[in-house]
Amino acid sequence: MTDTIKVGMADYKVGENPSKIITLGLGSCVGITIYDKGKKIGGMAHIMLPKNTNPEKRSLKFADVAIEEMIEELLKKGSRLSGLEAKIAGGSQMFAFSSSDEKKSIGYRNAVAVKQILKELKINLIAEDTGGKFGRTIELDLSTGELKIKTIGHGEKYI
């Protein structure tokens, strides 16, 4: 029987095969999955904001804090940085205003920050489904590393 591990907003979870990890309701938030295909373990974070600016108040709502802590837990479980791969989804602009610039939207800034953090950590980003104006639910299958993305009004796909 497969366990399903739920990740709430501003949180992360780590699991192992044969579990699945799921998070619901990604709008401007970004879901980050990091997977070790050799060990078949991985994690998922649901971040709300790009970067923590107060080092005394660390929160998992920030991409830099959540990614750092999730990777630290994966390393404690025996993963090596060089064996980790990432996939991301979300970063939508949920509320469109006629004069709004997509590059100023929090969804866009979240996605850019996540990519930059992964690059700095030398974690290979192998797939992404970001942007748009719709919500997403994502589910990571820890037996394969496959990320299922269910969208509101845009169907379902795997990356």
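We use all heavy atoms of the structure for the numbers below, so side chains are in, but hydrogens, waters and symmetry mates are not.
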Student: Looking at CD1 of I152 and OG1 of T137, how far apart are the two atoms once the value is rounded to the nearest 0.5 Å?
Tutor: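 One finds 6.5 Å between CD1 of I152 and OG1 of T137.
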Student: Is there a path of hydrophobic side-chain contacts, each under 4.5 Å between heavy atoms, that joins I149 and L142?
Tutor: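 Shared cluster, yes.
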Student: Are L74 and M44 connected, step by step, through hydrophobic side chains (Ile, Leu, Val, Met, Phe, Trp, Tyr) whose heavy atoms are closer than 4.5 Å?
Tutor: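 No, separate clusters.
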Student: Would a 4.5 Å heavy-atom cut-off, applied to side chains only, mark K133 and S92 as touching?
Tutor: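 A side-chain contact under 4.5 Å is absent here.
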Student: Can you tell me how far apart CD (E139) and NZ (K6) are? Round to the nearest 0.5 Å.
Tutor: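 The NZ atom of K6 is 11.0 Å from CD of E139, to the nearest 0.5 Å.
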Student: Restricting to side chain to side chain donor-acceptor pair (under 3.5 Å), what partner residues turn up for D141, sequence neighbours left out?
Tutor: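 Partners of D141 under the side chain to side chain donor-acceptor pair (under 3.5 Å) test: S143.
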Student: Mind jotting down which residue pairs meet the side-chain hydrogen bond (donor to acceptor under 3.5 Å, both in side chains) criterion with at least one end in residues 24-40? Sequence neighbours excluded, please.
Tutor: D36-S79
Student: Name the residue from L125, T130, I88 that meets the side chain to side chain contact (heavy atoms under 4.5 Å, CB included) definition with V114.
Tutor: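 When side chain to side chain contact (heavy atoms under 4.5 Å, CB included) is applied between V114 and each of L125, T130, I88, only I88 qualifies.
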Student: Below 4.5 Å, heavy atoms only, C-beta onward: do I106 and C29 meet side chain to side chain?
Tutor: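 I106 does not reach C29 side chain to side chain.
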Student: Going by side chain to side chain contact (heavy atoms under 4.5 Å, CB included), name the residues that satisfy it together with A66, two or more places apart in sequence or in a different chain.
Tutor: A45, I47, L60
Student: Any non-hydrogen side-chain atom of E73 less than 4.5 Å from a side-chain atom of Y12?
Tutor: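 Side chain of E73 against side chain of Y12, heavy atoms only: contact under 4.5 Å found.
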Student: Using the rule that two of Ile, Leu, Val, Met, Phe, Trp, Tyr join whenever any of their side-chain heavy atoms come within less than 4.5 Å, decide whether I117 and L49 are in one cluster.
Tutor: yes
Student: Quickly, which of L140, I21, V14 forms a side chain to side chain contact (heavy atoms under 4.5 Å, CB included) with I5? Name it, please.
Tutor: I21
Student: What residues, two or more places apart in sequence or in another chain, satisfy salt bridge (Lys or Arg N to Asp or Glu O under 4.0 Å) together with D129?
Tutor: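 Applying salt bridge (Lys or Arg N to Asp or Glu O under 4.0 Å) to D129 gives R136, K157.
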Student: Check side chain to side chain donor-acceptor pair (under 3.5 Å) between E16 and all other residues, then give those that pass, not counting sequence neighbours.
Tutor: none
Student: Say whether L84 and V30 are linked into one hydrophobic cluster, either directly or through other cluster members, by side-chain heavy-atom distances under 4.5 angstrom.
Tutor: yes
Student: Check whether any side-chain heavy atom of E156 sits under 4.5 Å from a side-chain heavy atom of T151, and report yes or no.
Tutor: no
Student: Would a hydrophobic clustering, with Ile, Leu, Val, Met, Phe, Trp and Tyr connected at side-chain separations under 4.5 Å, put I126 with I34?
Tutor: no
Student: Closer than 3.5 angstrom, by distance alone: can the side chain of D64 be matched with the main-chain N or O of N52 as a donor-acceptor pair?
Tutor: yes
Student: Are H46 and L26 close enough that some pair of their side-chain heavy atoms sits under 4.5 Å apart?
Tutor: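 Yes, side chains in contact.
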Student: Quick one: CG on L147 to CD1 on I138, what's the gap to the nearest 0.5 Å?
Tutor: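 L147 CG to I138 CD1: 5.0 Å, rounded to 0.5 Å.
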Student: Quick one: which residue pairs count as a salt bridge (Lys or Arg N to Asp or Glu O under 4.0 Å) with a foot in residues 44-62, not counting sequence neighbours?
Tutor: R58-E68, R58-E69
Student: Can you name the residues that form a side chain to side chain donor-acceptor pair (under 3.5 Å) with D11, not counting sequence neighbours?
Tutor: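 So D11 forms a side chain to side chain donor-acceptor pair (under 3.5 Å) with K13.
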Student: Enumerate the residue pairs fulfilling side-chain hydrogen bond (donor to acceptor under 3.5 Å, both in side chains) with a member in residues 114-126, sequence neighbours excluded, ordered by first and then second residue.
Tutor: K115-E128, Q116-E120
Student: Hydrophobic clusters join Ile, Leu, Val, Met, Phe, Trp and Tyr when side-chain heavy atoms are under 4.5 Å apart, directly or via other members; which others share one with L24?
Tutor: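 Result for L24 is I22.
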Student: Do I71 and I67 come within less than 4.5 Å of each other through their side chains, counting heavy atoms only?
Tutor: yes
Student: Within the 4.5 Å heavy-atom criterion, are I32 and M70 side-chain neighbours or not?
Tutor: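 A side-chain contact exists here, since the closest heavy-atom pair is under 4.5 Å.
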Student: Could you list all the ring pair (Phe, Tyr, Trp, His ring centres under 6.0 Å) pairs where at least one residue sits in residues 113-134, not counting sequence neighbours?
Tutor: F134-H154
Student: Mind checking what makes salt bridge (Lys or Arg N to Asp or Glu O under 4.0 Å) contact with E146, not counting sequence neighbours?
Tutor: none
Student: Taking all atoms of both residues into account, what is the closest heavy-atom pair of L118 and A86, and its distance?
Tutor: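 Closest approach of L118 to A86, heavy atoms only: CD1-CB, 3.8 Å.
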Student: By ring-ring contact (aromatic ring centres under 6.0 Å, His included), which residues pair with Y158, not counting sequence neighbours?
Tutor: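 None.
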